[in-house]
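This report refers to the structure that appears directly beneath it.
We use all heavy atoms of the structure for the numbers below, so side chains are in, but hydrogens, waters and symmetry mates are not.
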Number of protein chains: 2
Amino acid sequence: MGRRSIAHIRREEFAHAAFEVLALHGMQGTTLQRVADHTGASKASVLHYFSNKQNLIETALRQSNATLRKEAVAMMNIATTPWERFYAIIEANFSPTTFQPEIAHGWIAMCAEVPHVAQFQRIQTVIYSRLHCNLFTALLATGIDRTAADSGAETISLLIDGLWLRCGLQIGGLNRQEATAQIERVVETLFGKSAERQSAKTKMTALAAALTSRAQ
Amino acid sequence: MGRRSIAHIRREEFAHAAFEVLALHGMQGTTLQRVADHTGASKASVLHYFSNKQNLIETALRQSNATLRKEAVAMMNIATTPWERFYAIIEANFSPTTFQPEIAHGWIAMCAEVPHVAQFQRIQTVIYSRLHCNLFTALLATGIDRTAADSGAETISLLIDGLWLRCGLQIGGLNRQEATAQIERVVETLFGKSAERQSAKTKMTALAAALTSRAQ
DNA sequence: TAGTAGATTGACCCATTGGTCAATAAATAG
DNA sequence: CTATTTATTGACCAATGGGTCAATCTACTA
């Protein structure tokens with residue numbers, strides 16, 4: 001530890017603050033001064049750890065996404081059947097720790113800048129690819145054919161995007177339960193009812209509740 | 001005509017330019033100077049017609065949405081059956097004149113500011129309400145029960161939002177055809193196949209093609 | 001033709017922004 | 001204890017932002 005560690009910790013602190021400011025004030029309102037104020041440090045101190053404002057925001061976004069990814073990985077490791085893996089992805093994407101309007105604001109703000117900032121474009125691409133890939137492999141393993149798995153993954157990821165957008169726009173006071181219910185309705189019509197899927201869903205929902213309550 | 005008319009036309013010109021700049025450069029990049037340059041006028045001239053930058057962008061967004069709404073109304077007037085009205089909404093939302101990455105950029109940029117600008121919040125609310133209401137009444141009239149119509153409208157509007165988001169993020173080179181195909185796949189699983197619905201779809205698709213080709 | 005309302009603009013103002021830099025304080029290593 | 005690295009910061013800078021204003025310029029009206 002020592003100097004290396006403190007630098008690493010400080011970077012994390014600033015990045016965390018940056019994401020909070022982004023979620024709270026949007027991209028326009030995310031100034032170096034505000035991020036500095038939010039941590040109690042000076043603007044120059046922030047720039048000591050991040051060469052750029054964009055660099056700062058980039059790591060802020062990556063760091064925020066990492067928490068969701070860790071939750072997802074934890075649940076995927078526990079899941080044993082394909083449908084359990086499927087619901088692990090769903091539950092992770094609507095975990096109460098991450099599926100919140102403020103956090104959604106941050107991500108929508110990033111999406112708006114994707115066409116203009118190459119770094120954000122890259123982040124967005126990798127997040128989408130991962131989601132689609134995970135959904136696809138889970139669905140394929142349930143026994144359906146390739147095209148059905150692919151289009152199914154596409155539809156589900158589309159719904160997830162839409163629900164996150166709505167969470168940010170706070171349409172109909174959308175919460176975790178309504179969001180997963182929306183997904184489930186489509187999943188049911190797409191793949192029919194089955195006891196196996198149902199038990200997988202209840203298992204992963206319970207697991208998600210246990211994991212997140214423990215974390216908080 | 002005369003003075004009143006010229007003022008009105010000028011406002012429209014500036015608003016139009018403002019939306020183009022917004023679509024091209026995002027919310028941060030949409031400066032009064034750039035909008036002025038885009039029309040060949042001066043910054044002060046823009047501010048002669050719009051008291052605020054926000055006022056300018058607000059009318060820009062409203063004006064842009066009006067074109068989509070007009071297309072939708074035109075198709076709705078021609079539609080006679082419930083399913084035709086349903087596909088009128090779908091086709092209008094994926095019309096080649098509006099379903100373009102640049103335009104999507106503009107709307108995503110607005111979404112990102114919704115939590116921070118009350119005017120944008122209002123625009124977003126009215127657009128969503130109209131879409132949901134139109135879908136709901138169309139679906140209800142097809143003979144299904146209220147809750148099914150409501151949840152169906154919710155799912156479809158969710159997909160539309162997701163597809164527009166993806167259009168803006170340019171995931172998988174999404175075009176009009178793929179987008180409507182995505183919608184259709186879900187509609188089919190939700191409401192089953194029926195000759196009546198199929199004919200309604202082909203009719204409205206053709207109508208949309210005719211209307212938009214005529215316009216351009 | 002004179003007058004007046006609206007259109008257009010350059011010059012200007014102030015606040016804020018991202019970013020630099022040199023100076024200082026603190027901590028670690030030898 | 002000394003030296004060197006690292007952390008922190010206030011002062012500063014150039015650029016740009018939105019917005020004001022008074023001065024023209026234009027076109028319609030009486």
Just how far, in rounded Å, is P of C:dG18 from CG of A:Asn55? 14 Å

Kindly say if A:Ser45 contacts the phosphate of D:dT9, meaning a side-chain N or O under 4.0 Å from OP1 or OP2. yes

In whole Å, I'd like the distance from the CD1 atom of B:Ile6 to the C1' atom of D:dC25. 13 Å

Would a 4.5 Å heavy-atom cut-off, applied to side chains only, mark A:Glu13 and A:Thr39 as touching? no

Rounded to the nearest angstrom, tell me the gap between atom NE2 in A:His25 and atom C1' in C:dT17. 16 Å

For the pair A:Trp164 and A:Phe99, name the ring-plane relationship: parallel under 30°, tilted 30 to 60°, perpendicular over 60°. perpendicular

Nearest-angstrom distance from the residue atom CZ of B:Phe14 to P of C:dA7: 11 Å

Gap between atoms NE2 and C1', on A:His8 and D:dT6 respectively (whole Å): 17 Å

Tell me: CZ of B:Arg34 to C1' of D:dG18, nearest whole Å? 15 Å

Do the side-chain N or O atoms of A:Tyr49 get closer than 4.0 angstrom to the phosphate oxygens (OP1, OP2) of D:dT8? yes

Salt-bridge criterion met for B:Arg166 and A:Glu154 (N-O under 4.0 Å): yes

Apply the test side chain to side chain donor-acceptor pair (under 3.5 Å) to residues B:Thr180 and B:Glu91: give CA-CA distance (whole Å), side-chain angles for both, the deciding distance (0.1 Å), then the verdict. CA-CA 8 Å; B:Thr180 50; B:Glu91 288 294 332; 5.3 Å; no

Parallel, tilted or perpendicular, judged at 30° and 60°: which one describes the rings of B:Phe86 and B:Trp83? perpendicular

Please pick, from D:dT8, C:dT17, D:dA7, the nucleotide with the shortest atom-to-atom distance to any side-chain atom of A:Arg10. D:dT8

Taking the nucleotide of DNA chain C with the nearest heavy atom to each, does A:Gln28 or B:Ala41 sit closer to the 5' end? B:Ala41

Quick one: B:Ile9 CD1 to C:dT8 P, roughly how many Å, whole number? 12 Å

Could you list the protein-to-nucleotides 19-21 of chain D atom pairs, N/O on both sides, closer than 3.5 Å?
from	atom 1	to	atom 2	distance (Å)
D:dG19	OP1	B:Asn52	OD1	3.0
D:dG19	OP2	B:Lys53	N	2.9
D:dG19	N7	B:Lys43	NZ	3.4
D:dG19	O6	B:Lys43	NZ	2.7

Any chance you could lay out the salt bridge (charged side-chain N to carboxylate O under 4.0 Å, His left out) test for B:Glu20 and B:Arg34, step after step, and finish with the verdict? CA-CA 10 Å; B:Glu20 282 191 1; B:Arg34 241 203 275 254; over 6 Å; no

On the 0 to 90° scale, with breaks at 30° and 60°, tag the A:Tyr49-A:Phe14 ring pair as parallel, tilted or perpendicular. tilted

Can you tell me if the side-chain N/O atoms of A:His48 get under 4.0 Å from OP1 or OP2 in D:dT8? no

Just how far, in rounded Å, is C1' of D:dG17 from CD1 of B:Ile57? 13 Å

